[in-house]
Amino acid sequence: MTIDKTFDPAAIEAKWYAHWESTGAFRPDRPSAEPYTIVNPPPNVTGSLHIGHALDNTLQDILIRHARLQGKDALWVVGTDHAGIATQMVVERQLNARQQKRTDFSRDEFVAKVWEWKEESGGEITRQLRRLGCSMDWSNERFTMDEGFSKAVIKVFVDLFNQGLLYRDKRLVNWDPHFKSAISDLEVETREMNGHMWHFKYPLADGETYTYVERDADGNVTLEEERDYIAIATTRPETMLGDGAVAVHPDDERYKPIVGKLCEIPVGPKDHRRLIPIITDEYPDPDFGSGAVKITGAHDQNDYGVAQRNNIPMYRLMDEVAAMRSDGAPYAEAAAQAKAIAASGQWTAADIDALNLVPDAYRGLDRYEARKRVVGDIDADSLMIAVENKTIQQPFGDRSGVVIEPMLTDQWYVDAKTLAAPAIEAVRSGAIDIVPKSWEKTYFNWMENIQPWCVSRQLWWGHQIPAWFDDNGKCYVAETEEAAQTLAGPNVALTRDPDVLDTWFSSALWPFGTLGWPEQTGELNRHYPNDVLVSGFDILFFWDARMAMQGIHFMGEGGRRPLEESVPWKTLYLHGLVRAADGSKMSKSKGNTVDPLGLIDQYGADALRFFMAAMESQGRDIKMDESRVAGYRNFATKLWNAARFAQSNGIGGSHSISAPKAKLAVNRWIIGEVVSTVEKMNKAFAEFRFDGMADVLYHMVFDQFCDWYLELIKPAFVDGEKGEMDSESKIVAGWVLDQILVMLHPFMPFITEELWHALSDPAAPRSYDIIHAKWPEPNAAMDADAIAEINWVVDTISKTRSFKAELNIAPGTRLIANIAEPQSSTVAIIERQAAALSRLGRIDSFVYAPVSTNNIAQIVVGGDTVVFALDGVIDLDAERARITKAIEAAAKERDALAGRLSNASFVERAKPEAVEKARADHAEKAAEADRLTAALARLG
RNA sequence: GGGCGAUUAGCUCAGUGGUAGAGCACACCCUUCACACGGGUGGGGCCACAAGUUCGAACCUUGUAUCGCCCACCA
């Protein structure tokens, strides 16, 4: 098959992908090989491939293809995530477009619609992953809501419950009023906003007064007045309606006279205003605001803690959309009950939750409208002291973008603290290796301060929680309804908890749930723990940490298995984010996203992949740079053309893993370059340095192979100087090209597969695809003599080109070189390399005698001074300047080295090899400077 | 408030103790028979700043500045 003149990625990509997939190439049967496993972070089933996926999946595919080339049983598990909120959002949006809404349907109907949608459109991202060339095991594609995986999810829930590690609790949660659901701490994003702080008077009960005294740091009285109120500052006046107390610091002298007394919430109908106690707690900071804090346990995280510590009732004020409650008894009645409850000190959570303490006038108002009204009403009562502008930290839902309302609700929680302990130990002990290491600290910090994980969501799409309630609210947790019924006993009517589980609760099981767990399958035994997990650091807490917790807990069999066997993966590789060219974060709303599919269309998947590898230096973010993608497209084209050259000269596929035997220096040299490249690649793989891998390959192909090796062996093929040696060069060139293709394959799978077959010897075609080739093991060494020889040749050619360019001599000018007193080794090199020196250096011949003219250009190569007679074409002043510059450069280095060597402490204290090297370098530079000085003198 | 990272050529980035590198961009030359998505030759950096450790610092220490990210309950 002749290689086309131009490289067209689109022409080969689809072909090879289909070939690989249809032949099962991604998962060859290697039952006795060492397993190597990566699970792919399941993309949202709603999703389409964004640039971050391109990075993440390219890195994984490089690792998997590399492992496959190493002969391992490489398994890359793939699947999609049901993505509860995101997917429900998409389908609801579609309904909205048709003037319908979710609640027009029954839950079952709606869920059926989502499934329908999933079947229709869920395949987009998996098609796109194929376009990127990802070699996943599609034959076992999974979905987080498929039957087997769902079974695992339910079992985990039930087991955790039975182990006391999962429980139902009424706590303050982050409530997203848009989704009408609880969300986890991680899904809340705090932003700084311009807001206000209002200062109000809370009048003391029964018109009581006290002497309010303020002192400066020295104890001098700065203010003393009679007050009939306590001053309160708040950024959220609408929550005053649910205040249960006012707290001051126990050491705050100003308020000591009134601690234990009652004050009045200054809002609502005057005859039914509630009185709340003034209590002490360590929480208030006497130096902030007035030093007194209103305590609204049901709508503020801080207050919640204070209320809990002091047994202060927490009154929920808002409904599911964060509007002021409009349910329950009228305000007057509720306020009276609240008074009774507060006075008794005895209540249940249900009692309190039934109380709607929103005054009738505010009921049903949006929380911000209610705020305006509260402030206005207090102001009208002359109870407002001041309002100041203030930047406040406001929580937003990361998906909905609306302001989160802390809300007291019943939810399911996982005891994350208990699960985190072994996960912390796993990283500490090295059972999990985090790369780059700098993330360990972040991991520890989060894990050590972990809070209970709220895992229930008030959605319809997801794994419905396997808990049933009887009429008394008693809860039964079991894997099936039958089992729950058995727990509850006969004739007990049960209702299933309508909530679903946090998506991350299920995806946390991905490393073992996809391998068949809870069944003890062969796959599970073989591929757990996974070898590596590749993920963006942005999901370190969301996903990675939770996989570690769940994996160790369930696969560790309650600590009976050692951590090394329990962890989900041995290495956690965290990469950065792909950012826009200006460094900003890519986002749809900013409209600065780059579509990876567009880049593939334009430059080819191989180029995009190579870009991702080349830019991935551990841990750093990647700025998008399209010119660089174009550069790697050029690189692919370069390789393509090198292969064309090879093919047209009968250089074909090699069948050898080991390096061929070679006599020619150029061949021994390039074999050494392959050896060196393989070593560098192996090291880079061991260290997960993707940029290093790309760099090594790029320079091997461009510099060593194309620019020098192919040029150096051209005489044998092109100039018709076919000696006995051309067959050796053909064999070596074919072998080298094969090694390059194999090493490049994980990065550029398409072009390498194409060329692998195109370069096949028609008489003995390849017996396997490159995807199943063998990673190079040259079984050869660097050859010092060959390196020295090729260095001499390369140096001579480069320096000859250089002086021509600098002296404005046409590069094509053919010259004769004189070496007055050549070293014997030089003569031998020149004899062997005459053809290359002629073709690349345009040097017709070498004469071992001085020249008779002073119109000369001179270069120093190794220990030789090479002289070119240039009567009539040389500008001697320019040549003097050129040589002078070279002398200066050599002399500068020589002197620097001399300075170092004359420093007694350097010679005494530096490492001997450093001293030795300095001596050698100094001698070399001194000799070079001397030769150049002599050359300058010859010019007269 | 705590933590992490960055600061190296015009741009994007490598470089962790021993003479400053790559790609792109730039300048000049080359329509040489694999490749103009090419070849050749060049120019360009007090490695953010300051002090310290060391025979020797882009690299180690401390501090400063600027930028970015993460975490955190000052109402």
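Predicted model, so just to flag it, every value in this text is computed and none were measured. Each chain gets a letter, A, B and so on, in the order the sequences are listed, and its residues count up from 1.
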Quiz item: Taking the six-membered ring for Trp, are A/Tyr698 and A/Tyr632 parallel (under 30°), tilted (30 to 60°) or perpendicular (over 60°)?
Solution: perpendicular

Practice problem: Take the angle between the ring planes of A/Phe702 and A/Phe635 and call it parallel below 30°, perpendicular above 60°, tilted in between. | Solution: parallel

Practice problem: Would you check if the side chain of A/Asp606 reaches a backbone N or O of A/Ile751 as a donor-acceptor pair within less than 3.5 Å? | Solution: yes

Regarding [X], tell me which of base, sugar-phosphate or nothing describes its non-hydrogen contacts under 4.0 Å with the strands shown.
{"X": "A/Glu711", "answer": "base"}
{"X": "A/Lys437", "answer": "nothing"}
{"X": "A/Ala910", "answer": "base"}

Taking a pair as Watson-Crick or G-U wobble with both distances under 3.5 Å, which nucleotide is matched to [N]?
{"N": "B/U16", "value": "none"}
{"N": "B/A50", "value": "B/U62"}
{"N": "B/U31", "value": "none"}
{"N": "B/A36", "value": "none"}
{"N": "B/G5", "value": "B/C67"}
{"N": "B/G23", "value": "B/C11"}

What nitrogen or oxygen pairs link the protein and nucleotides 69-75 of chain B at under 3.5 Å?
residue: B/C73; atom: O4'; partner: A/Asn302; partner atom: OD1; Å: 3.1
residue: B/C73; atom: O2'; partner: A/Asn302; partner atom: OD1; Å: 2.8
residue: B/C73; atom: O2'; partner: A/Asn302; partner atom: ND2; Å: 2.3
residue: B/C73; atom: N1; partner: A/Asn302; partner atom: OD1; Å: 2.7
residue: B/C73; atom: O2; partner: A/Asn302; partner atom: OD1; Å: 2.7
residue: B/A75; atom: OP2; partner: A/Lys390; partner atom: NZ; Å: 3.0
residue: B/A75; atom: O2'; partner: A/Ala233; partner atom: O; Å: 3.1
residue: B/A75; atom: N6; partner: A/Asp285; partner atom: O; Å: 2.8
residue: B/A75; atom: N6; partner: A/Phe288; partner atom: O; Å: 2.3
residue: B/A75; atom: N1; partner: A/Asp285; partner atom: N; Å: 3.0

Quiz item: What about A/Phe611 and A/Tyr603, are their ring centers closer than 6.0 Å?
Solution: no

Using whole Å, report how far [atom1] of [X] lies from [atom2] of [N].
{"X": "A/Leu840", "N": "B/U32", "atom1": "CG", "atom2": "C1'", "result": "10 Å"}
{"X": "A/Asp538", "N": "B/G68", "atom1": "CG", "atom2": "C1'", "result": "15 Å"}
{"X": "A/Asp4", "N": "B/A34", "atom1": "CG", "atom2": "C1'", "result": "14 Å"}
{"X": "A/Phe645", "N": "B/C35", "atom1": "CZ", "atom2": "P", "result": "10 Å"}
{"X": "A/Met700", "N": "B/G23", "atom1": "CE", "atom2": "C1'", "result": "19 Å"}
{"X": "A/His699", "N": "B/G21", "atom1": "NE2", "atom2": "P", "result": "13 Å"}
{"X": "A/Ile651", "N": "B/C35", "atom1": "CD1", "atom2": "P", "result": "15 Å"}
{"X": "A/Glu908", "N": "B/G56", "atom1": "CD", "atom2": "P", "result": "13 Å"}

Quiz item: Phosphate oxygens OP1/OP2 of B/C4: is one of them under 4.0 Å from a side-chain N or O of A/Lys441?
Solution: yes

Please list, for nucleotides 36-40 of chain B, all pairs of protein and nucleotide N/O atoms separated by less than 3.5 Å.
residue: B/C37; atom: O4'; partner: A/Asn634; partner atom: OD1; Å: 3.1
residue: B/C37; atom: O2; partner: A/Arg633; partner atom: NE; Å: 2.9
residue: B/C37; atom: O2; partner: A/Asn634; partner atom: OD1; Å: 3.3
residue: B/C37; atom: O2; partner: A/Thr637; partner atom: OG1; Å: 2.6
residue: B/G38; atom: OP1; partner: A/Asn634; partner atom: ND2; Å: 3.2
residue: B/G38; atom: O3'; partner: A/Lys638; partner atom: NZ; Å: 3.1
residue: B/G39; atom: OP1; partner: A/Lys638; partner atom: NZ; Å: 2.9

Practice problem: Test A/Arg367 against every option in A/Glu405, A/Glu238, A/His299 by the side-chain hydrogen bond (donor to acceptor under 3.5 Å, both in side chains) rule and name the one that passes. | Solution: A/Glu405

Using the [atom1] atom as the reference point in each nucleotide, state the distance between [N] and [M] in Å, no decimals.
{"N": "B/U61", "M": "B/U19", "atom1": "C1'", "answer": "25 Å"}
{"N": "B/U32", "M": "B/C37", "atom1": "P", "answer": "15 Å"}
{"N": "B/C67", "M": "B/C59", "atom1": "P", "answer": "23 Å"}
{"N": "B/G39", "M": "B/C46", "atom1": "C1'", "answer": "36 Å"}
{"N": "B/A27", "M": "B/G10", "atom1": "P", "answer": "16 Å"}
{"N": "B/C47", "M": "B/A57", "atom1": "P", "answer": "13 Å"}
{"N": "B/C69", "M": "B/A25", "atom1": "C1'", "answer": "30 Å"}
{"N": "B/U66", "M": "B/C49", "atom1": "C1'", "answer": "11 Å"}

Practice problem: Taking all non-hydrogen atoms of both residues into account, name the closest pair between A/Ile378 and A/Pro266 and its distance. | Solution: CG1-O, 3.4 Å

Exercise. Search all heavy atoms of A/Glu192 against all heavy atoms of A/Gln393 and return the closest pair with its distance.
Key: OE2-NE2, 3.1 Å

Rounded at 0.5 Å granularity, tell me how far [atom1] in [X] sits from [atom2] in [Y].
{"X": "A/Gln618", "Y": "A/Phe690", "atom1": "CD", "atom2": "CZ", "answer": "8.5 Å"}
{"X": "A/Ile434", "Y": "A/Thr442", "atom1": "CD1", "atom2": "OG1", "answer": "8.5 Å"}
{"X": "A/Asp921", "Y": "A/Glu893", "atom1": "CG", "atom2": "CD", "answer": "8.5 Å"}

Self-check item: Residues A/Glu879 and A/Arg882 bridged, charged N to O under 4.0 Å
Solution: yes

Self-check item: Salt-bridge present (A/Arg236, A/Asp300; N to O < 4.0 Å)
Solution: no

Quiz item: Within 45° of the six-membered ring axis of A/Phe645 and under 6.0 Å from that ring's centre, is NZ or CZ of A/Lys714 located there?
Solution: yes

Quiz item: Taking protein heavy atoms under 4.0 Å as touching, what does nucleotides 7-14 of chain B look like 5' to 3' if B marks base contact, S marks sugar-phosphate-only contact and - marks none?
Solution: S----BSS

Self-check item: First encountered from the 5' end of RNA chain B, between A/Phe705 and A/Asn903
Solution: A/Phe705

Quiz prompt | Derivation and outcome, side chain to side chain contact (heavy atoms under 4.5 Å, CB included), residues A/Met612 and A/Ile51 | solution = CA-CA 10 Å; A/Met612 291 299 179; A/Ile51 200 84; 3.7 Å; yes

